[in-house]
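I have placed the structure first, in the form of structure tokens, so that the comments after it can refer back to it.
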Amino acid sequence: PVCYDGFETSGRMHIAQGILKANIVNKLTAAGCIFKFWVADWFALMNMKLGGDLEKIRTVGRYMIEVWKAAGMNMENVQFLWASDHINEHADEYWGLVLDIATKFNLPRIMRLTTSTS
């Protein structure tokens, strides 16, 4: 089985994100799972994390990986996938989908949907 988690790189890691995440990932990989982390670097950029500086965002992403290693995360069955790399590798498919969604939904429609589903 494959397990997924994702995070925006936004600064220092808190204890639940560090030690507890390492513990959970170790339990899952020991049980035979592959664990894939999505590093949401472009999404951090869109949300102006770290001043919107993509190089700082990627540096903090690498820092977080090192913190997990230091916290004892077994990296044998763990993969880190950078959103920007994946989007760039599948640009035709990704941006086509973005444009398709953008032409079908407008802000008033989205606001109605979120009101009715919340």
Side-chain angles (χ1 to χ4, degrees):
V2 179
C3 302
Y4 292 93
D5 194 7
F7 62 94
E8 282 187 6
T9 56
S10 58
R12 291 185 178 171
M13 186 180 291
H14 58 78
I15 195 154
Q17 193 176 14
I19 296 170
L20 293 177
K21 180 71 68 178
N23 187 25
I24 291 166
V25 169
N26 286 346
K27 287 179 181 179
L28 289 167
T29 56
C33 296
I34 304 279
F35 202 97
K36 295 185 179 187
F37 279 100
W38 280 100
V39 185
D41 52 346
W42 270 8
F43 299 93
L45 174 68
M46 286 188 278
N47 290 321
M48 293 303 293
K49 302 291 173 96
L50 301 169
D53 184 328
L54 188 58
E55 189 53 42
K56 286 181 184 176
I57 290 166
R58 289 184 71 95
T59 297
V60 171
R62 291 186 296 271
Y63 149 80
M64 295 175 91
I65 293 167
E66 293 303 315
V67 170
W68 279 316
K69 288 178 184 177
M73 185 181 288
N74 180 349
M75 296 292 171
E76 187 176 335
N77 290 314
V78 176
Q79 299 171 7
F80 290 90
L81 309 167
W82 296 81
S84 61
D85 292 342
H86 184 77
I87 291 168
N88 284 332
E89 290 167 9
H90 304 281
D92 292 343
E93 180 183 345
Y94 180 82
W95 292 113
L97 181 59
V98 168
L99 290 173
D100 184 47
I101 292 168
T103 59
K104 289 183 171 76
F105 292 90
N106 57 35
L107 187 56
R109 182 173 183 188
I110 293 168
M111 295 302 288
R112 282 194 313 272
L113 289 170
T114 57
T115 302
S116 67
T117 58
S118 58

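Note that these values count all heavy atoms, side chains included, but never hydrogens, waters or copies made by symmetry.
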Relative to each other, are the rings of W68 and F37 parallel, tilted or perpendicular (30° and 60° limits)?
parallel

Apply the test salt bridge (Lys or Arg N to Asp or Glu O under 4.0 Å) to residues E8 and R58: give CA-CA distance (whole Å), side-chain angles for both, the deciding distance (0.1 Å), then the verdict.
CA-CA 10 Å; E8 282 187 6; R58 289 184 71 95; over 6 Å; no

Considering all heavy atoms of both residues, which atom of [X] and which atom of [Y] are nearest to each other, and what is their separation?
{"X": "F43", "Y": "A83", "answer": "CE1-CB, 4.0 Å"}
{"X": "V78", "Y": "T29", "answer": "CG2-CG2, 4.2 Å"}
{"X": "G32", "Y": "P1", "answer": "O-CD, 4.0 Å"}

Walk me through it: do L54 and D41 pass the test side chain to side chain contact (heavy atoms under 4.5 Å, CB included)?
CA-CA 7 Å; L54 188 58; D41 52 346; 4.2 Å; yes

Answer yes or no: does atom CG of D92 have more than 12 heavy-atom neighbours from other residues, nucleotides or ligands under 6.0 Å?
no

Should we count CD1 of I15 as having more than 12 external heavy atoms under 6.0 Å?
no

How about [X] and [Y]: do any of their side-chain heavy atoms sit closer than 4.5 Å?
{"X": "V67", "Y": "Y63", "value": "yes"}
{"X": "M75", "Y": "F80", "value": "yes"}
{"X": "K49", "Y": "K56", "value": "no"}

To the nearest 0.5 Å, what is the distance between [atom1] ([X]) and [atom2] ([Y])?
{"X": "I19", "Y": "M73", "atom1": "CD1", "atom2": "CE", "result": "11.5 Å"}
{"X": "N74", "Y": "L28", "atom1": "CG", "atom2": "CG", "result": "12.0 Å"}
{"X": "I57", "Y": "L50", "atom1": "CD1", "atom2": "CG", "result": "5.5 Å"}
{"X": "M13", "Y": "K21", "atom1": "CE", "atom2": "NZ", "result": "9.5 Å"}
{"X": "M48", "Y": "D53", "atom1": "CE", "atom2": "CG", "result": "9.5 Å"}
{"X": "N26", "Y": "C33", "atom1": "CG", "atom2": "SG", "result": "12.0 Å"}

Give me the other members of the hydrophobic cluster that W38 sits in, counting Ile, Leu, Val, Met, Phe, Trp and Tyr linked by side-chain heavy atoms under 4.5 Å, directly or via other members.
V2, Y4, I34, L81

Show, in sequence, the C-alpha distance, side-chain angles and deciding distance for D5 and F35, and conclude whether the side chain to side chain contact (heavy atoms under 4.5 Å, CB included) test is met.
CA-CA 8 Å; D5 194 7; F35 202 97; 3.7 Å; yes

Can you list the steps and then say if W42 with N88 is a side chain to side chain contact (heavy atoms under 4.5 Å, CB included)?
CA-CA 11 Å; W42 270 8; N88 284 332; 3.3 Å; yes

Test side chain to side chain contact (heavy atoms under 4.5 Å, CB included) on K104 and I101; report intermediate values, then the result.
CA-CA 5 Å; K104 289 183 171 76; I101 292 168; 6.0 Å; no

Salt bridge flag under 4.0 Å for residues E76 and K69:
no

